[in-house]
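Since this is a predicted model, take the numbers as computed values, not measurements. Positions are given from 1, in the same order as the sequence printed here.
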Amino acid sequence: MTSKPQQAQPIGVFDSGIGGLTVVRALVERLPHENLVYFGDTARVPYGPKSPQVVREYAAQDTDFLVSHQVKMIVVACNTVSSVALEVVQKHSKVPVVGVIVPGARAAVSATKKKRIGVIGTVGTIASNAYANAIRQFDASAEVIGQACPLFVPLAEEGWIDHKATEMIAKEYLFPLKLQKIDTLVLGCTHYPILENVIRTVVDGVTLIDSGKATASDVEQVLEEQHLRNPSRLKGNVQFFVSDIPYRFSEIGERFLGHTLGKVRRAEGFF
Ligand code: DGL
């Protein structure tokens, strides 16, 4: 079979900031030969508390940036954007677009036994009901209980992974979900996999769904179906772009990515 020219082109990934590096990590683990271009809108993060209208505007600009890098596919790593602006991304690009909501919802439905699923995310993600709607598309009888956990974002960035304060806050957020007898919990925010251990301690016995990991598996499937997989056997490269390089960027980024970041460029002419 002859290889299509776009197969060697990179997959574009974007997020409101650094958090999407947890999705990059999952993609690199699953698809080590793919090249990636990452854009994090670090100048305007967080998107979680912003109105859907503003998030849509930002999402359109983030998409245009990736399109200008000739990406063969776009992965919307940000749960907030995936919840309220996926169609904006689709409108602004001609390539396949994968968000994190549908893969996370599908993984939750296949994991739950009691059909009682908790979803945690930003205020915007939970208010949109995007996960609940997607879960019910897969199983109309599933019960979905949402909980916004906005303080998890700064705690993950601060690296307070084993901190008593994080455990107390996690208890405050997650006990109501425990009382609702959930057996599955979707980590519906890029930052939450960083706090996986403390979350697991608080909701002991509940299956945790990492929406980023679920998304990497969907991305693989789309690449297969559309014959877009990079045939190269070499390790893919990842280019990092951000709209600002804030204090402690590398330290935080490395925690999210799991290894050193390498070169990070400021997105030229983004504003
Ligand atoms: N990346 C965002 C998300 O997954 C979390 C950070 C933010 O609020 O922008 O929803």
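- A distance of 10.5 Å separates CD of Glu254 from CD1 of Ile252, quoted to the nearest 0.5 Å.
- Residues in residues 232-254 take part in these ring-ring contact (aromatic ring centres under 6.0 Å, His included) pairs, two or more places apart or across chains: Phe65-Phe241, His69-Phe241.
- Between the CG atom of Leu31 and the OG atom of Ser217 there is a distance of 9.5 Å, given to the nearest 0.5 Å.
- Residue Leu234 is found outside any hydrophobic cluster, as its side-chain heavy atoms come under 4.5 Å of no other Ile, Leu, Val, Met, Phe, Trp or Tyr.
- The stretch residues 148-161 participates, sequence neighbours left out, in these salt bridge (charged side-chain N to carboxylate O under 4.0 Å, His left out) pairs: Glu158-Arg248.
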Checklist line | Residues Tyr58, Tyr47; criterion ring pair (Phe, Tyr, Trp, His ring centres under 6.0 Å); working and verdict | finding: CA-CA 9 Å; Tyr58 290 175; Tyr47 285 9; 5.3 Å; yes
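- For Arg30, the side-chain hydrogen bond (donor to acceptor under 3.5 Å, both in side chains) partners two or more places apart in sequence, or in a different chain, are Glu220.
- Under a hydrophobic clustering in which Ile, Leu, Val, Met, Phe, Trp and Tyr are joined whenever their side-chain heavy atoms come within less than 4.5 Å, directly or via other members, Val202 and Met168 fall into different clusters.
- Nearest heavy atom pair, residue Pro103 against residue Val98, reads CG-CG1, 4.5 Å.
- None of Val75, Ile11, Leu36, Thr190 except one satisfies the side chain to side chain contact (heavy atoms under 4.5 Å, CB included) rule with Val24; the exception is Leu36.
- Between Glu143 and Lys115 there is no salt bridge, since no side-chain N of the basic residue sits under 4.0 Å from a carboxylate O of the acidic one.
- Both Ile194 and Leu261 are members of a single hydrophobic cluster when ILVMFWY side chains are connected at heavy-atom separations under 4.5 Å.
- Taken to the nearest 0.5 Å, the CD1 atom of Ile161 stands 8.5 Å off from the CG atom of Asn197.
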Notebook entry, point to check: After noting the C-alpha distance and the side-chain angles of Gln221 and Glu225, does the key distance pass the side chain to side chain donor-acceptor pair (under 3.5 Å) rule?
Noted result: CA-CA 6 Å; Gln221 203 182 325; Glu225 283 166 8; 3.1 Å; yes
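- Applying the salt bridge (charged side-chain N to carboxylate O under 4.0 Å, His left out) rule to pairs touching residues 5-22 yields nothing, sequence neighbours excluded.
- Judged as a salt bridge (charged side-chain N to carboxylate O under 4.0 Å, His left out), the pairs with a partner in residues 79-93 (not counting sequence neighbours) are, in order, Arg56-Glu87.
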Next item on the list: For the pair His163 and Glu167, evaluate side chain to side chain contact (heavy atoms under 4.5 Å, CB included) and give the outcome as yes or no after the intermediate values.
Entry: CA-CA 7 Å; His163 203 287; Glu167 196 176 323; over 6 Å; no
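- In this model, a donor atom of one side chain and an acceptor atom of the other lie less than 3.5 Å apart for Arg265 and Gln239.
- No side-chain donor-acceptor contact under 3.5 Å links Asp244 and Thr42.
- Taking hydrophobic clusters as Ile, Leu, Val, Met, Phe, Trp and Tyr residues chained together by side-chain heavy-atom distances below 4.5 Å, Leu195 does not share a cluster with Val100.
- For the pair Val84 and Ser128, the tightest heavy-atom approach, listed with the atom from each and the gap, is CG1-CB, 3.8 Å.
- Crowding of Gln53 atom CD: a count of heavy atoms from other residues, nucleotides or ligands under 6.0 Å not exceeding 12.
- Contacts of Thr260 classified as side-chain hydrogen bond (donor to acceptor under 3.5 Å, both in side chains), with partners at least two apart in sequence or in another chain: none.
- Within the structure, ring-ring contact (aromatic ring centres under 6.0 Å, His included) pairs that include any residue of residues 108-142 do not occur (at least two apart or interchain).
- For Val81 against Ala59, the heavy-atom pair with the smallest separation is CG1-CB, 3.8 Å.
- Of the possible polar contacts, none joining the Gln226 side chain to the Pro96 backbone as a donor-acceptor pair under 3.5 Å is found.
- One distance of note links OG of Ser141 with CZ of Arg136; it measures 10.0 Å at 0.5 Å rounding.
- Between the CD1 atom in Ile74 and the CZ atom in Phe39 there is a gap of 12.0 Å [rounded to 0.5 Å].
- Residues satisfying the side chain to side chain contact (heavy atoms under 4.5 Å, CB included) test with Val203, not counting sequence neighbours, are Leu174, Lys178, Leu185, Ile199, Val206, Leu208.
- Judged purely by atom type and a 3.5 angstrom limit, Asn35 uses its side chain to pair as donor or acceptor with the backbone of Asn237.
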Next item on the list: Output, in order, the C-alpha distance, side-chain angles, deciding distance and verdict of side chain to side chain donor-acceptor pair (under 3.5 Å) for Thr122 and Thr80.
Entry: CA-CA 7 Å; Thr122 64; Thr80 310; 2.9 Å; yes
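- Shortest non-hydrogen contact noted between Lys171 and Pro176 is O-CD, 4.4 Å.
- Taking NZ of Lys164 as the reference point, atom CD1 of Ile169 lies at 13.5 Å (rounded to 0.5 Å).
- A salt bridge between Arg200 and Glu196 is present, with a side-chain N of the basic residue lying under 4.0 Å from a carboxylate O of the acidic one.
- The two atoms that bring Ala8 and Asn230 nearest to each other are CA-OD1, 3.8 Å, heavy atoms only.
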Next item on the list: Any chance you could lay out the side chain to side chain contact (heavy atoms under 4.5 Å, CB included) test for Val119 and Ile135, step after step, and finish with the verdict?
Entry: CA-CA 10 Å; Val119 176; Ile135 287 168; 4.0 Å; yes
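- For Asp218, the side-chain hydrogen bond (donor to acceptor under 3.5 Å, both in side chains) criterion is met by Arg106, not counting sequence neighbours.
- Screening residues 165-194 for ring-ring contact (aromatic ring centres under 6.0 Å, His included), with sequence neighbours left out, gives Phe152-Tyr173, Phe152-Tyr192, His191-Phe256.
- Residues Val88 and Ile101 do not share a hydrophobic cluster, defined by chaining ILVMFWY side chains whose heavy atoms lie under 4.5 Å apart.
- For Asn133, there are no side-chain hydrogen bond (donor to acceptor under 3.5 Å, both in side chains) partners, not counting sequence neighbours.
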Next item on the list: Test Leu228 against Val222 for side chain to side chain contact (heavy atoms under 4.5 Å, CB included), laying out the working first.
Entry: CA-CA 8 Å; Leu228 284 174; Val222 173; 5.7 Å; no
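- Counting heavy atoms of neighbouring residues, nucleotides and ligands inside a 6.0 Å radius, atom NZ of Lys114 exceeds 12 of them.
- Taking both residues in full, the closest heavy atoms of His227 and Gln7 are given as O-NE2, 2.9 Å, listed atom of the first, atom of the second, then distance.
- Put simply, the side chain of Lys50 gets close to the backbone of Pro46: a donor and an acceptor are under 3.5 Å apart.
- Summarising the local packing, NZ of Lys72 is surrounded by more than 12 heavy atoms from other residues, nucleotides or ligands at distances under 6.0 Å.
- Two different hydrophobic clusters hold Val102 and Leu223 under the rule that ILVMFWY side chains link at heavy-atom gaps under 4.5 Å.
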Note to self: Checking Arg229 against Glu224 for the side chain to side chain contact (heavy atoms under 4.5 Å, CB included) test, could you report, in this order, the C-alpha distance in whole Å, the side-chain angles of both residues, the deciding distance, and whether it holds?
What the structure shows: CA-CA 6 Å; Arg229 237 186 144 124; Glu224 280 297 336; 2.8 Å; yes
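- A donor-acceptor pair shorter than 3.5 Å can be found between the side chains of Ser243 and Asp41.
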